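Lettering of chains follows the sequences in order, A, B, ..., and the numbering in each one begins at 1. Remember, it's a predicted structure, so these values are computed and weren't measured experimentally.
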Amino acid sequence: MKILRAGICLMILLFTETAQSQTVILERNVTQDTTVSNFGPNRRHYLTVFYGLDTYAGIDQNGLEGVFNSSFGVNFGLRYKLQYSEHIANVFDLSYHWQSYGFKRKANVVFPDSLKPNHESFNFHMLCLSAFFRINYGHRGENIGKYIDVGASGGLIMANSYSMNNIDENGKSFNKQTFEPSYVRDFVSFVNLKAGFNGFAVTAQYRLDNFFKPASYMPVTYELPRLRAGIEFSF
Amino acid sequence: MIRILLVLCVLANTLAVHAQQTYAVYLTDKQGVVFDPYAFFDAKAIERRTAHHIPLSDSTDMPLNTAYVSKISTLVKEVKAESRWLNALFVEADSAQVSHINTLSFVKATAPVNPAPVFLTRVQKLFDDKALAKLSQAELDLLRYQTSRMQASFFKQKGIDGKGMRIAVFDVGFPGVDKLPYFKHLRDSNRIVRTIDIVKKNDFVYASNSHGTATLSCIAGRYEDIDIGMATGAEFLLARTELATWEPKSEEYYWLAAAEWADRFGANIISSSLGYGLNRYKTKEMNGHHSIAAYAATMAAKKGILVVSSAGNEYEDHNWRFIITPSDADSVLCVGGTDPYNDMHIDFSSMGPSSSMHIKPNVSAPGHVITANATGIGENFGTSFSCPLTAGFAACAWQMNRQYTNMQLFSEIEKSAHLYPYFDYVHGYGIPQASYFTGEKMKVDTTFDIKGFSGVYVIDIRPGVGNILDTACVEVNKTPFEDIELKGDFGKGINLYYHVQSPNGVLKSYKVLRINCRKNLQLVLDEKDFASGDKLLIHLEGYTQTIELK
């Protein structure tokens, strides 16, 4: 049969003028159309980008009090979801985080130095890898739907700085920035909790590790607030 | 800190399962219900049932047991709707109240109805509420085209305008229908027989989104002396079943309640440009049996009503390659959209089939039209308008053939379509043609000859067929739709449609070629795309030839 078909095709090519005038204006392969892909918001695999905003969530640590108005963060990244069933999935994020902490020292705190600035803050730029366990609930068709994520992240601190604003002896305001101070650690870990609906989520993040290394000249280890809360959007 | 906690509380509250939500409460029986169909049903409903030998009353027709309803209504916040067909109530209640209801001996089951507000319907997203006072010449051409493409003049010449047919239109609201001049003929002769707002539980429907105004105009509106739709003589039942902005699942229960209401008050046809898809369902659930809307539409069809429903506007969503519900029900006449400027599938109209592989859409109609809006008239896009154009057509066809049952009419409308017996999953059988029903359909002679076998064919188009070059096919036609104008002139070239169908009737592939030459047109099927026993159906200019593939 194959030889016959080839023969017919050859004869057409040899003995008729080439039929090129037809323009395909619609072509559908039903098997392909009706095969449901395993990629999608409520299917086996899904890939999205996301961005989030967060801030200090009010629980202070030893020595340093967070300042709400100057503590904020931005993060964005790529998310892969591996879904095991309608209700259970794992989510993996690769993301960049910028976290800023405005703070005030409690009395007698001499960290990071002995000055008493008006305003001071730490900035951290991190590359984070996160893994979440996701529980979905409710009807959601082909959407992400409602979910709760519980997970952990590891953040590599790629850059950091300490900024302060103070008044000099002449009563003049000045700013000072210290890049990569030696007392900042290279790596921190977090636990995360999210509640989401489709492309929107409310997030909470608790830092397990200290940002600052212990130092012999400090009587105690001071630390920035550990809990942050925010919102997140994915597409 | 307090601000954060407040924000988190508000957000968490929006994400949480609400304490109060809608539940369906299914009852065990209708014991003790006294039912007189002549008192309960409108005379039109009795007439419809009698004419088509449908029983005047079976258990699904009887109302709910009032004692059961009163008992439950004392236990819940609100009874939102009742269903005779399901023997169920839809109630607003909290989980404690539902637990209490579950202890009642006459309650068979309870089930939560998803309360989450999801998204705007695509139907409404495409909808443009722009209104004009006057139409330009191009818009007037488009207006005339939307009915002439279905050969409205054949009905009009015979005085057929849907008179005696009662059409129920389900939508989100009909603002302006009580005032606009496009509906004056309906108001003057009291042909808006009944109205109901099932969402707000009253009978005022002339508010909310004007999507319903637009769809109604495509059935029976009139702009000056031009008909916007074909059934200008029909009677109407208008039901609001949709919320304007959000799409909670309870809308499907409203649709069910509206279908029962339409059945009670004698609707012959339901026209519903509403559909529910990926925000609620998975593609595999679009099988005609899963959704409440599909159940309601199927029941309406069983009661003798022709249910006409739009295909939806999901084509560009590559994650969704099936028809949406309730069009997925096999007894629903699903209507896809065509582009008036090339007569082909319009680029947003959802593709079929249903996930149970039934042919969907069944037919097509223009999806770019002129409609009335809340304050005027203007251009609009969507299969929302293909559906009412077809519903109006169906009313005329049924007026001419009152002996047809709803499903016979369904089948005849398919047969009347311009591509029949060819079909595919974007056009269905094509655009219904009135000449089929008026007995004036032109006999089509053979338009082409075909040679070859085993999946390799050469087609010669007969002289005189189509506006094409009388030469062999040697040039590539790169711009098939250049210089296209309305009024049925789609420029040089004709469309050749073909599909490969497996023995069980399910399509394997389909293709449309635009051709502008007459001889030696090659048609070569890929060997892997067909098997022995499959059929190749080729359609050109009204003539169809079937070849058994070996």
Side-chain angles (χ1 to χ4, degrees), chain A residues 1-2 4-9 11-13 15-37 39-43 55-59 66 68 86 137-143 145-148 195-198 200-202 204 228-231, chain B residues 1 3-5 8 11-12 14-15 17 114 116 118 249 277-284 319-322 344-345 351 353 355 357 424-426 452-456 458 472-478 480 495-496 506-517 519-522 524 527 529:
Chain A
M1 188 62 84
K2 279 189 176 178
L4 191 61
R5 269 176 64 89
I8 295 166
C9 286
M11 280 174 68
I12 289 170
L13 288 172
F15 298 109
T16 67
E17 291 174 85
T18 312
Q20 295 173 28
S21 73
Q22 69 265 39
T23 304
V24 177
I25 53 176
L26 176 73
E27 182 174 22
R28 306 288 341 169
N29 180 308
V30 178
T31 309
Q32 281 173 14
D33 285 340
T34 54
T35 302
V36 178
S37 147
F39 182 85
N42 190 16
R43 294 183 187 161
T55 185
Y56 145 76
I59 300 170
F68 182 79
E86 191 73 5
Y137 57 97
H139 265 282
R140 61 186 191 275
E142 294 289 358
N143 293 306
K146 295 179 205 162
Y147 62 87
I148 290 171
F197 173 59
N198 289 342
F200 174 74
V202 179
R228 297 178 73 91
I231 53 173
Chain B
M1 176 65 183
R3 274 187 289 177
I4 289 178
L5 287 174
L8 289 178
L11 292 172
T14 63
L15 296 169
V17 176
N114 183 12
V118 272
K249 197 175 179 182
L278 62 86
N279 292 331
R280 293 181 192 169
Y281 296 107
K282 305 200 81 167
T283 51
K284 67 183 178 192
N319 276 322
W320 191 272
R321 289 303 195 196
F322 292 96
M344 288 284 296
H345 164 258
M351 67 192 298
S355 66
M357 303 308 281
D424 61 40
Y425 295 146
V426 293
F453 55 91
S454 193
V456 182
V458 176
C473 300
V474 289
E475 289 177 5
V476 178
N477 186 358
K478 286 179 180 168
N495 289 352
L496 182 128
V506 173
L507 297 190
K508 289 186 166 179
S509 62
Y510 50 96
K511 207 167 187 174
V512 184
L513 305 177
R514 185 76 174 172
I515 50 179
N516 71 349
C517 51
K519 295 172 193 163
N520 300 329
L521 185 74
Q522 284 180 35
V524 182
E527 270 185 309
D529 290 340

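Here CG of Leu26(A) is found 13.5 Å from CZ of Arg514(B). Values are rounded to the nearest 0.5 Å. Residue Asn279(B) holds its CG atom at 10.0 Å from CD of Glu142(A), rounded to the nearest 0.5 Å.
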- Item | Derivation and outcome, side chain to side chain contact (heavy atoms under 4.5 Å, CB included), residues Val36(A) and Lys284(B) | CA-CA 8 Å; Val36(A) 178; Lys284(B) 67 183 178 192; 5.9 Å; no
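Within the 4.5 angstrom heavy-atom criterion, no atom of Tyr147(A) approaches chain B. Only the side chain of Tyr425(B) comes within contact range of chain A, judged by heavy atoms closer than 4.5 Å.
Exactly one of His345(B), Lys508(B), Met351(B) qualifies for a side-chain contact (heavy atoms from CB on, under 4.5 Å) with Arg28(A). That residue is Met351(B).
At a threshold of 4.5 Å between non-hydrogen side-chain atoms, the residues Met344(B) and Ile25(A) count as touching.
The two residues Asn42(A) and Lys282(B) make their nearest non-hydrogen contact at O-NZ, 3.1 Å.
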